[in-house]
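Order of listing sets the numbers, starting from 1, for every ligand and every atom in it.
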Amino acid sequence: MIHVADAMTYPVVETFHSVQGEGYWSGANAFFIRLGGCDVHCSWCDTKASWPIEHHPRQTIAQLVAAATSATPFMVVITGGEPLMHDLFPLSAALQAQGLRVHLETSGAHQFSGVFDWVTLSPKTFKPPHQSTYAHANELKIVVQNTTDLVWAETQANLVPQDTIKYLQPEWEALGKQGDHGILVEYILGHPQWRVSLQTHKIIGVR
Ligand code: SF4
């Protein structure tokens, strides 16, 4: 039987099956759904093509669920762009209804929506999170270019639940590519609530 929600569409930049590169689930088998649209506009964004919401072909929930199910991943990651520009309840619920584990990666810049098994909140100074997002964060991931970002990290850490796992991740062009993790390591040695997250998918050469 076809449900009305199955016909609902989202702009999709790409879907692909790979390995989660970052954070707590680094190394896990994951099917990615990259939704179009982002108004956060980070200067160092590596997915700028995702920004215009209207430039991406739309796919139905039924199509996305079928693609994710056929990949038989350990988990599905809804990412962007900024996925919270869309109402994620219908898509996340449809994926979970098929027994899939569903994760969200978001900057939190818009009202929270959806049902998830894991939420990665990665707040950006360019457009800070909507208040509704902080309570959902299972992990907090702050991209670090310089020491100013460490101040931002602490302000954001004060807004998430106490048991949220906290990561500092070197920005790839400024630090990560060069393997220059000195700022982070020095900081973490003095602030044990933080851990390092690396973009391991870039290191091992997968998407
Ligand atoms: Fe790029 Fe993500 Fe920043 Fe949007 S929030 S500009 S997709 S890094």
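Look at K166 and E139 and you find no salt bridge, because none of the NZ, NE, NH1 or NH2 atoms lies under 4.0 Å from a carboxylate O.
Side-chain N/O atoms of E82 and S107 include a donor and acceptor closer than 3.5 Å. Of the N and O atoms on the side chains of D117 and Q96, at least one donor lies less than 3.5 Å from an acceptor on the other residue. A donor-acceptor contact under 3.5 angstrom links the side chains of Y134 and Q156, judged on distance only.
Using a 30° and 60° split on the angle between ring planes, H86 and Y10 fall in the perpendicular class, above 60°.
Nearby protein atoms of type N, O or S around atom 4 (Fe) of ligand 1 amount to 1 (distance under 2.8 Å).
With ring centers used as reference points, H136 lies under 6.0 Å from F112.
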